[in-house]
Amino acid sequence: RTLSFVARQTMAVLASRDDQDNPWASLVFGAAGFLRTENERLLVLRHSACHSALGDPLWDNLEKDSQVGILLIELATRRRLRINGRAHRHTDGDWRIEVERAYANCPKYIQARRLRIRETEPLPTSARVRQGGQLDVGQQARISHADTFFVASAHPEQGLDASHRGGRPGFVEVLSPHRLRIPDFAGNNM
């Protein structure tokens with residue numbers, strides 16, 4: 001059952017770590033099959049078959065630190081699977097992920113919705129990435145209306161983790177351009 005769940009996913013959230021040990025949550029998506037299982041201990045992420053945000057540090061991070069956390073979340077059925085492991089680029093450009101731990105989580109707080117992956121236009125060759133120390137008005141508005149977000153975390157001995165957070169729109173409070181309040185709802189004690 002788990003193997004078929006992995007094969008039909010069109011979206012995954014990956015946790016990676018940058019040069020300063022900061023965890024990053026990255027969204028990748030593609031047609032079903034961009035992530036597949038070789039066996040119960042090995043996943044293949046077909047790099048050429050998935051898309052990520054331009055300027056996202058995911059691929060550079062994985063080159064430098066093989067630890068990865070993966071969240072597969074099927075929004076329509078509210079099922080999710082968390083995976084921790086190590087990613088290595090294969091000679092064909094794809095990533096082989098050695099699974100160290102995999103476990104399902106409860107559907108609590110997942111907002112049911114259908115995710116449709118459409119044919120994408122050719123991707124631009126350059127990215128305009130904006131970084132800063134505060135949220136602009138538009139970013140604050142989007143966050144204050146969100147009912148879902150993803151977070152990456154790191155533990156010195158347990159590796160990286162990608163997690164889902166959800167609630168009613170407004171569950172994340174924008175306190176200022178520099179500060180958010182995110183509730184820690186009781187879940188399945190993970």
Undergrad: Can you confirm whether His145 is buried at NE2, in the sense that more than 12 heavy atoms of other residues, nucleotides or ligands lie under 6.0 Å from that atom?
TA: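 Check fails, neighbour count at 12 or below.
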Undergrad: What closest approach, in Å, do His178 and Gln134 show between heavy atoms, and which atom pair accounts for it?
TA: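 Residues His178 and Gln134, closest heavy atoms: CE1-OE1, 3.1 Å.
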Undergrad: Quick check: closest heavy atoms across Thr148 and Phe171, and the distance to 0.1 Å?
TA: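 It is N-CE2, 4.0 Å.
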Undergrad: Please tell me whether Leu27 and Ile73 are part of a single hydrophobic cluster in this structure, the criterion being side-chain heavy atoms less than 4.5 Å apart.
TA: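 In one cluster with Leu27: Ile73, yes.
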Undergrad: Once the angle between the rings of Trp95 and His47 is folded into 0 to 90°, is it parallel (under 30°), tilted (30 to 60°) or perpendicular (over 60°)?
TA: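 The arrangement is tilted - the two ring planes meet at 30° to 60°.
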Undergrad: Quickly, which of Asn61, Leu58, Asp56, Leu14 forms a side-chain contact (heavy atoms from CB on, under 4.5 Å) with Trp24? Name it, please.
TA: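 Single side-chain contact (heavy atoms from CB on, under 4.5 Å) partner of Trp24 among Asn61, Leu58, Asp56, Leu14: Asn61.
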Undergrad: So which heavy atom on Ala15 is nearest to which on Ala152, and how close?
TA: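 Scanning both residues, the minimum pair turns out to be CB-CB, 3.7 Å.
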Undergrad: Do the side chains of His155 and Glu157 get nearer than 4.5 Å, heavy atoms only?
TA: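 A side-chain contact exists here, since the closest heavy-atom pair is under 4.5 Å.
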Undergrad: Rounded to the nearest 0.5 Å, how far apart are OG of Ser26 and CD1 of Ile70?
TA: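 Rounded to the nearest 0.5 Å, the OG-CD1 separation comes out at 11.5 Å.
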Undergrad: Nearest heavy-atom pair of Val99 and Glu40: which atoms, and what distance?
TA: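 Shortest heavy-atom contact: CB-O, 4.2 Å.
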Undergrad: Supply the atom-to-atom distance Thr10 OG1 to Arg8 CZ, rounded to the nearest 0.5 angstrom.
TA: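 If we round to the nearest 0.5 Å, Thr10:OG1 and Arg8:CZ are 11.0 Å apart.
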Undergrad: State the CG-CD distance between Leu62 and Gln67, to the nearest 0.5 angstrom.
TA: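 It comes to 11.0 Å.
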Undergrad: With a 3.5 Å distance limit and no angle check, can you tell me whether Gln139 reaches the backbone of Asp136 through a side-chain donor-acceptor pair?
TA: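 Yes, Gln139 side chain to Asp136 backbone: donor-acceptor pair under 3.5 Å.
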Undergrad: Look up atom NE2 in His51 and atom CE in Met11, then write down how far apart they are to the nearest 0.5 Å.
TA: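 Here the rounded value is 15.0 Å.
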Undergrad: State whether the side chain of Asn84 and the backbone N or O of Leu160 hold a donor-acceptor pair below 3.5 Å, judged by distance alone.
TA: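 It does hold such a pair.
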Undergrad: Using side-chain hydrogen bond (donor to acceptor under 3.5 Å, both in side chains) as the criterion, point out the one residue from Arg86, His88, Arg89, Glu98 that pairs with Ser66.
TA: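 Testing Ser66 for a side-chain hydrogen bond (donor to acceptor under 3.5 Å, both in side chains) against Arg86, His88, Arg89, Glu98 leaves exactly one candidate, Arg86.
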Undergrad: Going hydrophobic residue to hydrophobic residue with side-chain gaps under 4.5 angstrom, can you get from Val174 over to Ile182?
TA: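 As far as the 4.5 Å side-chain criterion goes, Ile182 and Val174 are connected within one cluster.
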Undergrad: Roughly how far, to the nearest 0.5 Å, is CD of Glu173 from CD1 of Ile143?
TA: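 So the gap between those two atoms works out to 12.5 Å.
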Undergrad: Do Leu35 and Leu42 land in one hydrophobic cluster if side-chain heavy atoms of ILVMFWY residues count as linked below 4.5 Å?
TA: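 Looking at the clustering, Leu42 is in a separate group from Leu35.
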Undergrad: Between Arg46 and Asp94 (side chain of the first, backbone of the second, donor and acceptor by atom type, cut-off under 3.5 Å), is there such a pair?
TA: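 No, because the side chain of Arg46 does not come within donor-acceptor range (under 3.5 Å) of the backbone of Asp94.
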Undergrad: Enter the distance from Ser4:OG to Arg36:CZ here, rounded to the nearest 0.5 Å.
TA: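 Separation between the atoms: 15.5 Å.
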Undergrad: Let me check something: do Ile97 and Phe5 share a hydrophobic cluster, defined by ILVMFWY side-chain heavy atoms less than 4.5 Å apart, either directly or through other members?
TA: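 Same cluster.
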Undergrad: Shortest non-hydrogen contact from Ser163 to Arg82?
TA: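 So the minimum-distance heavy-atom pair works out to OG-NH2, 3.5 Å.
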Undergrad: With a 4.5 Å limit on heavy-atom distance, are the side chains of Asp19 and Lys64 in contact?
TA: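 In short, these two side chains touch, coming nearer than 4.5 Å.
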Undergrad: Is any side-chain heavy atom of Arg142 less than 4.5 Å from a side-chain heavy atom of Gln140?
TA: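 Contact flag for Arg142/Gln140 side chains = no.
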Undergrad: Are Val44 and Phe34 connected, step by step, through hydrophobic side chains (Ile, Leu, Val, Met, Phe, Trp, Tyr) whose heavy atoms are closer than 4.5 Å?
TA: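 Hydrophobic grouping puts Val44 apart from Phe34.
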